[in-house]
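Read the numbers this way: they start at 1 and go in the same order the structure lists the ligands and their atoms. Computation of the quantities below employed the complete heavy-atom set of this structure, encompassing side-chain atoms and omitting hydrogens, waters and symmetry-equivalent molecules.
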Amino acid sequence: MTRREGIVLGLETTCDETSAALLDGGEVRSLVIHSQDVHRLYGGVVPELAAREHLARVDAVVDAALDDADLDVSDVEAVAVAAGPGLIGALLVGVVWAKSFAFARGVPTVAVHHMEAHLFAPLLDHPDLAPPFVALLVSGGHTLLLHVEDWGRYVLLGETRDDAAGEAFDKVAKLLGFPYPGGPEIERAAGIGDPTGRRLPRPLLRGGTAEDDPDYFDFSFSGLKTATALWVDELRAQGSLEGARADVAAAFQDAAIETLVGKTERAVEATGVGLVSLGGGVSVNKALRARMRERLEGKAGVVHASPRYSLDNGAMIARAGAFRLMVDGPSPLSTAARADLPFPGLRPRRSAA
Ligand code: KG4
Ligand code: ZN
């Protein structure tokens with residue numbers, strides 16, 4: 001993807017980050033991320049508050065991104081916006097803003113799928129990243145294992161049956177009394193804890209040993225969360241929770257990572273590709289990255305974006321938007337925000353042959 005793609009403004013408002021970035025021919029000129037602190041009070045994202053905060057911040061965030069890039073609104077050649085999946089009120093702010101801007105300035109707008117943007121994020125750090133590869137996309141709302149045959153051509157190998165990986169980290173953090181978002185808190189606590197205190201379940205890892213078994217590539221995190229919750233209840237009843245929090249975090253993280261790595265290893269073996277790309281907020285977890293590398297040593301290389309491009313951000317939206325603009329052209333002004341936007345170019349495994 002070396003063709004000049006012009007200056008693209010990327011806008012992200014799917015959840016609790018208001019973010020804008022300017023991408024110039026594939027290079028990030030600026031990235032501004034406003035993380036909404038208001039949700040900390042509630043231990044999770046409150047959709048209505050998220051929408052209001054996006055509305056209050058979006059202009060300032062875009063202005064700051066333009067300033068940082070030393071660009072003017074008239075330099076923007078296209079606007080890419082995350083149109084879903086996500087919280088509908090939050091999405092609406094970004095989509096309506098982007099369409100209004102595009103209409104007023106006479107530039108194209110392009111609707112981007114938030115998870116396809118996570119897939120494109122590593123390209124910001126590694127411009128030579130090229131399919132085929134296996135992608136593990138792990139965020140607060142999704143857990144997807146893909147065979148990326150080409151940019152825009154994806155086979156869905158596995159997904160979660162219930163909670164997303166990040167959601168499990170957030171819920172366990174809440175059980176342990178850590179603030180939202182829980183992923184970084186669990187990682188920090190796990191770093192000083194003993195993971196061997198209790199062996200928590202590794203869901204869907206032992207059964208389903210054949211590729212055509214429906215459990216083979218799928219994930220499930222709600223059983224692991226429940227097992228952790230029961231342990232936390234026991235510890236609380238014994239009055240020993242405080243001193244055991246790091247050990248619980250370590251045992252939980254170990255089980256979650258084991259599942260993510262085990263399924264990814266299966267995907268590498270089944271597809272025969274020699275590269276794995278990690279994306280989404282959970283992919284900043286250093287223990288996950290390290291364990292993935294260790295396990296795939298000699299089988300596949302592992303790439304991921306730097307943390308600022310892995311967590312929700314406007315640069316990944318601009319990057320995926322530049323691609324979509326190139327292959328599909330601009331989105332019509334009738335484009336709507338969709339909480340359940342389908343992943344473009346994704347087809348199920350059964351029809352892959
Ligand atoms: O991709 P992302 O920024 O937003 C969504 O699209 O959801 O991912 C956020 C998720 C949250 O669940 C958060 O707890 C998790 O990523 N996360 C982590 C870490 N940092 C963020 N999970 C595990 N370890 C981390 N260090
Ligand atoms: Zn995300």
Side-chain angles (χ1 to χ4, degrees), residues 10-19 21 31 33-36 39-40 43-45 47 50 54 81-87 90-91 94 112-122 124 135-144 159-160 163-176 178-191 193 219 221 224-225 228 249-250 252-261 277-292 304-317 319-320 339-341 343:
L11 192 57
E12 155 65 34
T13 68
T14 61
C15 191
D16 58 343
E17 261 85 31
T18 316
S19 178
L31 170 59
I33 304 172
H34 167 68
S35 292
Q36 304 177 351
H39 308 290
R40 283 191 162 242
V45 178
H54 286 306
V81 63
L87 305 170
L91 289 167
V112 170
H113 188 283
H114 181 83
M115 296 310 291
E116 190 178 39
H118 276 304
L119 177 67
F120 272 77
L124 296 166
L136 175 70
L137 303 180
V138 271
S139 71
H142 299 266
T143 308
L144 298 168
E159 62 188 325
T160 185
D163 293 349
E167 192 179 354
F169 273 85
D170 293 334
K171 285 179 175 171
V172 168
K174 201 170 181 177
L175 289 172
L176 293 173
F178 295 134
Y180 177 87
E185 302 288 335
I186 294 279
E187 177 169 19
R188 187 186 44 73
F219 304 90
F221 291 101
L224 169 59
K225 177 199 65 195
T228 311
F252 161 77
Q253 180 174 274
D254 211 50
I257 289 178
E258 187 61 27
T259 309
L260 294 169
V261 170
S277 174
L278 306 178
V282 180
S283 77
V284 308
N285 188 293
K286 292 198 191 71
L288 169 64
R289 292 174 172 185
R291 192 92 63 84
M292 193 70 80
H304 51 72
S306 53
R308 76 191 204 116
Y309 298 144
S310 300
L311 295 160
D312 285 356
N313 70 87
M316 68 179 192
I317 304 298
R319 179 61 272 193
D340 62 346
L341 190 71
F343 201 123

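- When side chains are defined from C-beta on, Arg289 counts as touching Leu278, because their heavy atoms get closer than 4.5 Å.
- Of the protein's non-hydrogen atoms, the one nearest atom 6 (O) of ligand 1 is His114 NE2, 3.0 Å.
- When only non-hydrogen protein atoms are considered, atom 26 (N) of ligand 1 lies nearest to Glu187 OE1, 2.7 Å.
- Contact analysis puts Gly141 in contact with ligand 1, with a non-hydrogen atom separation below 4.0 angstrom.
- Not a single heavy atom of Gln253 sits under 4.0 Å from any atom of ligand 1.
- Using 4.0 Å as the threshold, Glu17 has no heavy atom nearer than that to any atom of ligand 1.
- The contact set between ligand 1 and Gly166, taken as ligand atoms under 4.0 Å from a residue heavy atom, comprises 12 (O).
- Here the heavy atom of the protein found nearest to atom 11 (C) of ligand 1 is Asp170 OD2, 3.6 Å.
- Residue Val284 places no N or O, backbone or side chain, under 3.5 Å from any N or O of ligand 1.
- Considering only heavy atoms from C-beta on, Ser35 comes within 4.5 Å of Glu17 through its side chain.
- Around the Zn ion (ligand 2), the protein contributes the following N, O or S atoms at distances under 2.8 Å: His114 NE2, His118 NE2, Asp312 OD1.
- Of all atoms in ligand 1, numbered sequentially from 1 with element shown, those under 4.0 Å from a heavy atom of His118 are 1 (O), 6 (O).
- Note: Phe252 and Phe169 have perpendicular aromatic rings, judged against thresholds of 30 and 60 degrees for the angle between ring planes.
- In this structure the side chain of Asn285 reaches within 4.5 angstrom of the side chain of Gln253, judged on heavy atoms.
- Counting protein heavy atoms only, atom 24 (N) of ligand 1 is closest to Asn285 ND2, 3.0 Å.
- In this structure, the protein non-hydrogen atom closest to atom 3 (O) of ligand 1 is Asp312 N, 3.1 Å.
- No option in Thr13, Ile33, Leu11 other than Thr13 meets the side chain to side chain contact (heavy atoms under 4.5 Å, CB included) test with Thr18.
- A 4.5 Å side-chain heavy-atom check between Asp312 and His118 finds at least one atom pair inside the cut-off.
- The protein heavy-atom contact nearest to atom 21 (C) of ligand 1 is Gly281 O, 3.5 Å.
- When hydrogens are left out, the protein atom nearest atom 18 (C) of ligand 1 is Gly183 CA, 3.4 Å; that is the closest non-hydrogen contact.
- Any N or O atom pair closer than 3.5 Å counts here, and Leu311 shares no such pair with ligand 1.
- Note: no N/O pair closer than 3.5 Å links Pro181 and ligand 1 by distance alone.
- A 4.5 Å side-chain heavy-atom check between Leu176 and Glu185 finds every atom pair outside the cut-off.
- Listed for the Ser139 side chain is no donor-acceptor partner under 3.5 Å among the backbone atoms of Gly280.
- Considering backbone and side-chain atoms alike, Gly280 places every N or O at 3.5 Å or more from each N or O of ligand 1.
- Every N/O-N/O distance between Ser310 and ligand 1 stays at or above 3.5 Å.
- Counting only N and O atoms by type, the side chains of Glu12 and His114 include a donor and acceptor under 3.5 Å apart.
- Atom 7 (O) of ligand 1 has as its closest protein heavy atom Gly140 N, 2.8 Å.
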